[in-house]
Amino acid sequence: MVEELHKKLVAQEISVKELFQEYLQRIKKQDKDYGSFLYLIEDEEQINYAQKLIDEKKAHLLTGIPIAVKDNILIKDYPCTAGSKILENFIAPYDATVIKKLRELGAVFIGKTNLDEFAMGSSTENSAFKKTKNPYNPEYVPGGSSGGSAVAVAKDFAPLALGSDTGGSIRQPASFCGIVGFKPTYGLVSRYGLIAMASSLDQIGPFAKTVKDAKILFESILGPDPLDATTHKNFTFKQVQPKIIGIPKEYFQEGLDERIKNLIFERIEEIKSDFQIKEINLPMSKYALACYYLVMPAEVSANLARYDGIRYGWRKDQSSILRLYETTRGSGFGPEVKRRIFLGTFILSHGYYDAYYVRALKLRNKIKEDFKKVFKEVDFIFTPTSPTLPFKFGEKIKDPLSMYLSDLYTVGVNLAGLPALSLNIGFIEGLPVGLQIIGDHFSDLSLLDFAEILEKKWSSF
Ligand code: GLN
């Protein structure tokens, strides 16, 4: 898709402005039914710059290509809300590094997309602003937290989108919306200008209709950044030939929808002559969700301390400094965000720190070691992306623990810092199903190549 658009642009069959308008008109006509965007970016300057690059024959594959951006990634001079009332009036003072990189290539940003507040959630229902609907059935959620970006791509409101993934927020909505979502190896993409949720887990990544397009976007945003000390400076990508695929027993047990399991094994059957399939064990994976819901809120509570009514726009009762903090945070944050701040503050408090946080960190190492061991025997791992099909609005929002279970198969990957991609492998009752492909650290490019092979093999369904 991106390559075809690029060809048309450089052949001057279509101008950057015309292409942008085509997408913009589609959004204006149809997005009221889906709610994927929080606001649109109609900025002539970026369009003119892209056209200039094309006219001067300096175009990159992404020059003139519209990109939707999750509203927790800063675009200078535009609002950035993170889906929260507390940042309702916040205008980004600078570009995130990923935005800067894309801007230099002449990509054009078309709008900011809806998300769960501060990226906390699996359905986008935690957004303070609006509901985003599943592209296949408006009664169902699009997944989350990057629901807006996933729907934008699925509905052709933009050929590409950026999301962030802390525990599955790119892969799970990609699965629920029937598209490709990729979470890179931790530290490959700069987090500078991404509103932090849990810094040791957060990673920006692409959404696209095809694996090839996801790869183009990923290759354009990766690389070291002096403004993010967690980016890798010296690294080489690991070349992996896909020969042996691991199927972890623990990811196909109770809790998984039988129909999803059957579909995955049907697809595996179709490629059995090309790859060796091996049953593996990841015994620590049963603790991944518990570990995630300790490490993540601990980091959340620290990262969200900065929203105090002093530094950012939303400010309530100023009768005393304490009242200001209390009322600003009390009215600015939604219930899920508050729950996690409470939980995180508790976990980090004196007397509980060792019992919860330190033990969770030890567990995190064990989860990492599990994967490390397995990647000595297999090249890639297949798991479901989500244990269930997309669910209906309201189905899980009142029961946080059942919502957290949506992350059962995705959080381990973030704890270990690994790359993983969700690929659509078919539909059940009209709703899309994603397969998660996990690779070893730095095998990102090989993983994307492998996913492209699978995409072709399975294209017949
Ligand atoms: N659904 C997970 C959570 O609520 C993941 C969120 C994310 O990846 N940003 O924490």
Side-chain angles (χ1 to χ4, degrees), residues 69-73 81-84 113-127 132 141-150 161-177 181-184 186 189 191 194-207 288-301 303-304 333-344 347 360 364 384-388 390-391 395-397 399-422 434 436:
V69 179
K70 186 177 183 180
D71 202 25
N72 60 353
I73 299 172
T81 67
S84 180
T113 57
N114 198 21
L115 68 157
D116 283 301
E117 188 175 2
F118 285 102
M120 300 178 199
S122 310
S123 65
T124 314
E125 289 169 286
N126 290 332
S127 166
T132 299
V141 303
S145 63
S146 319
S149 282
L162 288 176
S164 67
D165 191 312
T166 305
S169 280
I170 293 176
R171 290 158 285 156
Q172 188 255 18
S175 168
F176 278 20
C177 295
F182 178 57
K183 179 226 147 327
Y186 181 81
V189 179
R191 292 179 294 108
L194 165 71
I195 294 180
M197 176 180 162
S199 312
S200 77
L201 302 160
D202 299 342
Q203 195 65 184
I204 295 175
F207 285 101
L289 201 63
C291 180
Y292 173 79
Y293 276 92
L294 291 169
V295 173
M296 175 274 295
E299 295 189 24
V300 159
S301 75
N303 274 328
L304 271 63
F333 289 135
E336 183 58 32
V337 172
K338 282 185 203 159
R339 185 177 297 122
R340 297 191 192 199
I341 292 174
F342 286 144
L343 199 62
I347 291 162
R364 183 177 188 174
T385 304
S386 158
T388 68
F391 42 90
E395 209 177 304
K396 304 195 178 193
I397 196 78
D399 178 5
L401 288 182
S402 81
M403 188 74 89
Y404 297 169
L405 277 174
S406 309
D407 311 330
L408 194 60
Y409 303 140
T410 46
V411 294
V413 164
N414 299 72
L415 289 166
L418 298 167
L421 178 140
S422 182
Q436 176 171 239

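Whatever order the structure lists ligands and atoms in, that order sets their numbers, starting from 1. The structure displayed is predicted, hence computed values, not measured ones.
Remark: side-chain polar atoms of S149 are not paired, donor with acceptor, to backbone N or O of S146 under 3.5 angstrom. Here the side chain of Q436 pairs a donor or acceptor atom with the backbone of Y409 at under 3.5 angstrom. S127 places no side-chain N or O within 3.5 Å of a backbone atom of S84 that could act as its donor or acceptor partner.
The minimum heavy-atom distance linking E117 with G334 is given by the pair OE1-N, 3.0 Å. For the pair A150 and F207, the tightest heavy-atom approach, listed with the atom from each and the gap, is CB-CE2, 3.8 Å.
The part of M197 lying near ligand 1 is the side chain, judged by heavy-atom distances below 4.0 Å. Of the heavy atoms in Y292, only side-chain atoms (C-beta onward) come closer than 4.0 Å to ligand 1. Residue contacts with ligand 1 for A119 involve both N, CA, C or O and side-chain atoms from C-beta outward (heavy atoms, distance under 4.0 Å). Of the heavy atoms in Y293, only side-chain atoms (C-beta onward) come closer than 4.0 Å to ligand 1. Only the side chain of R340 comes within 4.0 Å of ligand 1, counting heavy atoms alone; its backbone N, CA, C and O stay farther away.
Regarding atom 7 (C) of ligand 1, its nearest protein heavy-atom neighbour is S169 OG, 2.4 Å. Of the protein's heavy atoms, D407 OD2, 3.1 Å lies nearest to atom 2 (C) of ligand 1.
Near S145, meaning under 4.0 Å from one of its heavy atoms, ligand 1 places the atoms 9 (N). Ligand-side atoms of ligand 1 in range of G167: 5 (C), 7 (C), 8 (O), range being under 4.0 angstrom from any heavy atom.
Considering backbone and side-chain atoms together, G144 places no N or O closer than 3.5 Å to any N or O of ligand 1. Residue contacts with ligand 1: M120 is placed with no nitrogen or oxygen under 3.5 Å of a nitrogen or oxygen of the ligand (distance criterion only). Below 3.5 Å of separation, one finds no N or O of D165 facing any N or O of ligand 1.
Rounding to the nearest 0.5 Å places CD of Q172 at 9.0 Å from SG of C177.
T388 is listed as a side-chain neighbour of K396, based on a closest heavy-atom distance under 4.5 Å.
Looking at R191, K183, R171 one by one, the single match for salt bridge (Lys or Arg N to Asp or Glu O under 4.0 Å) with D165 turns out to be R171.
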